[in-house]
Each structure stands twice: as C-alpha cells, then as structure tokens.
J.: 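Submitted below is the structure of interest, expressed as structure tokens.
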Amino acid sequence: MLRLIVCYIAFLCVLNSCLLSPQLPAAQSIEASGVASSEHLLLRLPLEREALGRDAIADLERCYQFMDGATGEKLPRKVLLFANWKQVDNSYNQQEAKITLGMNRRAAAVNPVAFLMHAAACEIGRLGLLQTSGGAQREDNAFLFEGMVEILAHEFAHSSRNLEGTWVVSQFLDQMGKLGLAEQRSWSAFSGGRRSYRNSAPGVTFLSFLRESQGRDRPVKLFESLKRASLVASLAAVFKAPASELESAWLKKVREYKAPEEITTSGEDAPQLVQTLLVPEACQPGGSLELRLFMKDAAGNLLPDGVFIKDERTGKLLQPQAASQKGTEYLALVIPVDSTCPPGNYQYRVTAVDESGNVRRWSGNYRVLGF
C-alpha cells in the first residue's frame, strides 16, 4: 500500500511539472487541463475558459513572432502566459519569462478574446523590450515602455489609427501642465501606477514623433542604450541632440496637432453621453456645482482618466471621478464658481477618449445666479 501511495504522489508531481513546463510539446492534447500551447507560448487559463485559449493561441503565436522581430529578436524561446480572472492588472516576471494577464475588467467580460489579445500583445512586447534593454524599465523611463508596447500592439493588430486619440490626450495633458520629460520621468506621480490609454499617451506621442523625424527603427536603439546609460544620456547618444531640444520639438508637434472633433475606431462601441445632471441646478458666486455625467459604455473600456472637462469660463481642464448612487454609476466633477463671477450662463465642454481610442465631444451649460 505504501508503495502505491508513493507511486501515486510521484505521478501527480510529474503531471504537474508537465503542465507548467514551457517545453511542453505543442502536439500534446492538453486542452482539457486549461492549457493551450504553440511553438513559443504556453497559455494557461481556467478550465471553463479553454475554448478561449484554443481560439487565441494561433494569433498569440503570430504576435510572439512579430514582437520578437520588432524588439531585436531577444525574446525567450518559451514564454508562459497566465490568464487570471481574479487579477485586475497585468504583471510579469522577466527572469522566468512569465506573464500574467489581469482579466478582471469590464472590457474583458464584453469581449474576452480582443481584451486578451491586446493585453498579451502589450506584455509580450514589454518582455521583448526588457530583454533588449537588459531589464532597464525604471521610474524615469517607464513612460517609454508604456508608449512603445501600445505602438507595437496596435501595429501587430493593424489598428494604429486607434492611437490617434493619444495626440488629443497629450494636448489636454499639456494644457494641464502634465506633459514633458520632467513630468513623465516621475511615472508614479503622473500615472498613479495605473496603465491606461491616458497614461500611455505621452510615451506614444513622444516615440511616434521620434520615429517620424529620426526613422522608425531608432526607438529600439534607444531601448538598447538604456542598458548602459540614463534616459537623458541615451536620448542624446541615439538622436544626436540634447533631451531638451527633443522635448521642445515634441511639444511643438503636440501643440500644432489639429484635433478632429471626433475619432471613431469601433463604431457602436464608442462612448455615449446619455444624461447630464447639475447639483444644484444653479449656484451663486462663491458656490459650486457638481456635474454628473451618465455614460453608455458598451465596450466597457471608458475610464474616468479618459474624460476631460473644460470650463469655458475659466479655461481650466478638469477630470471627473467615478461615483455611484443607488446602484447607478456616473462620473462626477465639482465646478467651483469664484466670488467675483458675474451672473449668467456659462459653457463647459466634455471630451471622452476610451481605451480603444474613440474620441467623443459634447457641450453643456451651467448658470450662475445674481445676489
């Protein structure tokens, strides 16, 4: 009996190691255990999601090959992908060539294949850039990694037009005093540690500007240089110009960008403003109003940090916060009214940029009463 127990435990250990091993043969029938594999990838996901793995694995393998070529052919021969429906954010382990895809998002529930493909493309691209740079992602250059993985992911998907909205976002950030190398080098303060379309926009526009002006292969040289030097030194070495000069040219291009009124990348899935509510309906000078925006977000990928509200009276740009009341979700923003404001009707402009790069704009009014 003891021998049988020992043999059974040994069998379980061997089975477990086979399921986790990146060397697992692609031809082996493993779908029943929640695993799908290709030449370079092992995708592990819950058993009930195995169909998703089968649907995605061939495209994921093509994505691996694209990212390997785009980042200097330095990706590990085997990469482990774990799709986790209990985790919100993506994470990675460069040493183990392991990527965890956080699938606990509304957008993943709406379109799990598209969400998984984009998240995996970004993180495989990131792993390639980490290999190229010798693991050089740091606080002061994280914005470059965030921007480049978005560029590469959309190039693989032939959806680079989705990045046009990053110029709109960058213009808003510039007007808010949040665009520039100094701001982006403080990645945690700028982003709050969150990865989003809004937070990747500076890196996307900066690298797109460098590609257009210096050649599309030059940014990869920049990542290679980060292995040996700081961001400022690497910029000067690769682009033969001081970082301050590159920054000025980038900001000039952002400010001269002619933003379209709207950008449509996914049709009916673009965000819609269903209702606005002012609480109170009007206020006196020295008071304030709360603007509530009730949005329809069919794709589940509009984040509060993708919404910008401009008070035309003051010219200030503000961003709302997520709120809810009696189970109804909305975005809320307080509009302060200074004590010297003359009575009258004033306009505000709302711009929403979702994670797919859709850009939508609306106008509204608020009223200031006289004493």
Side-chain angles (χ1 to χ4, degrees), residues 20-24 26 35-45 49 52-85 87-103 105 107-108 111-137 141-160 162-163 195-197 199-200 203-204 207 216-217 219-220 222-224 226-227 355-356:
L20 292 176
S21 171
Q23 304 300 326
L24 193 64
V35 182
S37 69
S38 64
E39 181 182 356
H40 298 101
L41 298 171
L42 183 70
L43 171 63
R44 191 165 190 182
L45 64 177
R49 309 275 186 176
L52 173 61
R54 290 196 301 268
D55 290 343
I57 193 62
D59 286 336
L60 288 171
E61 173 62 26
R62 286 191 287 273
C63 178
Y64 170 98
Q65 294 178 19
F66 174 88
M67 295 300 173
D68 191 38
T71 58
E73 298 184 347
K74 293 183 175 65
L75 274 172
R77 187 178 180 278
K78 287 289 184 179
V79 176
L80 305 180
L81 295 173
F82 289 78
N84 188 335
W85 270 260
Q87 183 169 311
V88 174
D89 297 317
N90 301 334
S91 59
Y92 64 88
N93 185 314
Q94 183 188 357
Q95 287 70 35
E96 297 179 10
K98 174 183 172 182
I99 293 167
T100 301
L101 306 175
M103 300 291 290
R105 297 286 189 95
N111 193 335
V113 173
F115 187 91
L116 183 144
M117 282 300 307
H118 184 74
C122 286
E123 296 311 316
I124 294 172
R126 185 189 309 278
L127 186 57
L129 294 174
L130 287 168
Q131 295 290 106
T132 298
S133 66
Q137 181 172 324
N141 63 32
F143 80 101
L144 292 178
F145 284 82
E146 298 305 317
M148 196 66 189
V149 299
E150 287 293 337
I151 290 172
L152 293 176
H154 282 288
E155 284 188 344
F156 167 71
H158 304 290
S159 57
S160 293
N162 293 45
L163 294 175
R195 293 171 183 163
S196 67
Y197 193 93
N199 293 339
S200 69
V204 171
L207 290 166
R216 61 178 292 108
D217 296 330
V220 175
L222 175 60
F223 285 93
E224 291 174 351
L226 292 174
K227 184 187 304 183
E355 298 296 285
S356 296

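Atom set for the values below is all heavy atoms of this structure, side chains included, hydrogens, waters and symmetry mates excluded.
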J.: Would you name the heavy atoms of G53 and L45 that are closest together and state the gap between them?
T.: N-CD1, 3.7 Å
J.: Kindly state each residue pair satisfying salt bridge (charged side-chain N to carboxylate O under 4.0 Å, His left out) with at least one member in residues 93-103, sequence neighbours excluded.
T.: none
J.: I would like to know whether W85 and R49 meet side chain to side chain contact (heavy atoms under 4.5 Å, CB included); could you show each step before the answer?
T.: CA-CA 10 Å; W85 270 260; R49 309 275 186 176; 3.3 Å; yes
J.: Let me confirm one number: the CG-CZ distance from N93 to F82, rounded to the nearest 0.5 Å.
T.: 10.5 Å
J.: Would you please name every residue forming a ring-ring contact (aromatic ring centres under 6.0 Å, His included) with Y92, sequence neighbours left out?
T.: none
J.: For the residue pair L127 and P76, establish whether any side-chain heavy-atom pair is separated by less than 4.5 Å.
T.: yes
J.: Return the minimal non-hydrogen interatomic distance between G134 and K227, and the atom names on each side.
T.: N-CE, 3.8 Å
J.: Can you tell me if N111 uses its side chain to pair, donor with acceptor, with the backbone of A114 under 3.5 Å?
T.: yes
J.: Would you please name every residue forming a side chain to side chain donor-acceptor pair (under 3.5 Å) with R216, sequence neighbours left out?
T.: E155
J.: Do you know which two heavy atoms are closest between F156 and M117, and how far apart they sit?
T.: CE2-CE, 3.9 Å
J.: For N199, check side chain to side chain donor-acceptor pair (under 3.5 Å) against everything at least two apart and list the hits.
T.: S196
J.: How would you list, by chain and number, every residue that makes a side chain to side chain donor-acceptor pair (under 3.5 Å) with E61, sequence neighbours excluded?
T.: S38, H40, Q65
J.: Please name the pair of heavy atoms, one in L152 and one in T71, separated by the smallest distance, quoted to 0.1 Å.
T.: CD1-CG2, 3.9 Å
J.: In Å and rounded to the nearest 0.5 Å, what is the OG to CG distance from S200 to L163?
T.: 7.5 Å
J.: Give me each pair satisfying salt bridge (charged side-chain N to carboxylate O under 4.0 Å, His left out) with a member in residues 118-132, each pair once, sequence neighbours excluded.
T.: E123-R126, E123-R195, R126-E146
J.: Residues two or more places apart in sequence or in another chain: which of them pass side chain to side chain donor-acceptor pair (under 3.5 Å) with D55?
T.: none
J.: Side chains of L80 and I99: closer than 4.5 Å at any heavy-atom pair?
T.: no
J.: Evaluate the criterion side chain to side chain donor-acceptor pair (under 3.5 Å) for residue pair S133 and Q137; output intermediate values, then yes/no.
T.: CA-CA 8 Å; S133 66; Q137 181 172 324; over 6 Å; no
J.: Check for a donor-acceptor pair, side chain of N84 on one end and backbone N or O of G102 on the other, with a separation under 3.5 Å.
T.: no
J.: Tell me whether N90 contacts the main-chain N or O of L101 through its side chain, where contact means a donor paired with an acceptor under 3.5 Å.
T.: no
J.: For the residue pair S159 / H154, report whether a side-chain donor-acceptor contact shorter than 3.5 Å exists.
T.: yes
J.: Report the C-alpha distance between N162 and Y197 in whole Å, list the side-chain angles of each, state the deciding distance to 0.1 Å, and finish with yes or no for side chain to side chain contact (heavy atoms under 4.5 Å, CB included).
T.: CA-CA 10 Å; N162 293 45; Y197 193 93; 5.5 Å; no
J.: How would you list, by chain and number, every residue that makes a side chain to side chain contact (heavy atoms under 4.5 Å, CB included) with E73, sequence neighbours excluded?
T.: D68
J.: Looking at G125 and V149, what are the two nearest heavy atoms and their distance?
T.: C-CG1, 4.1 Å
J.: Is the closest side-chain heavy-atom distance between Q87 and T100 below 4.5 Å?
T.: yes
J.: Are side-chain heavy atoms of L60 and L116 found at a separation under 4.5 Å?
T.: yes
J.: Looking only at heavy atoms, what is the nearest atom pair of L75 and G128, with distance?
T.: CD2-N, 3.5 Å
J.: Sequence neighbours left out, what passes ring-ring contact (aromatic ring centres under 6.0 Å, His included) with F143? Give chain and number order.
T.: none
J.: Going from CZ on F223 to CG on N141, what distance comes out if it is rounded to the nearest 0.5 angstrom?
T.: 7.5 Å
J.: Could you pull out all residues at least two apart from P112 that satisfy side chain to side chain contact (heavy atoms under 4.5 Å, CB included)?
T.: L52
J.: Rounded to the nearest 0.5 Å, what's the gap from CE on M67 to OH on Y64? Could you check?
T.: 12.5 Å
J.: Going by side chain to side chain contact (heavy atoms under 4.5 Å, CB included), name the residues that satisfy it together with A108, two or more places apart in sequence or in a different chain.
T.: M103, R105, F115
J.: Test of understanding: with side chain to side chain contact (heavy atoms under 4.5 Å, CB included), list the residues that count as partners of E224, not counting sequence neighbours.
T.: K74, T132, V220, K221
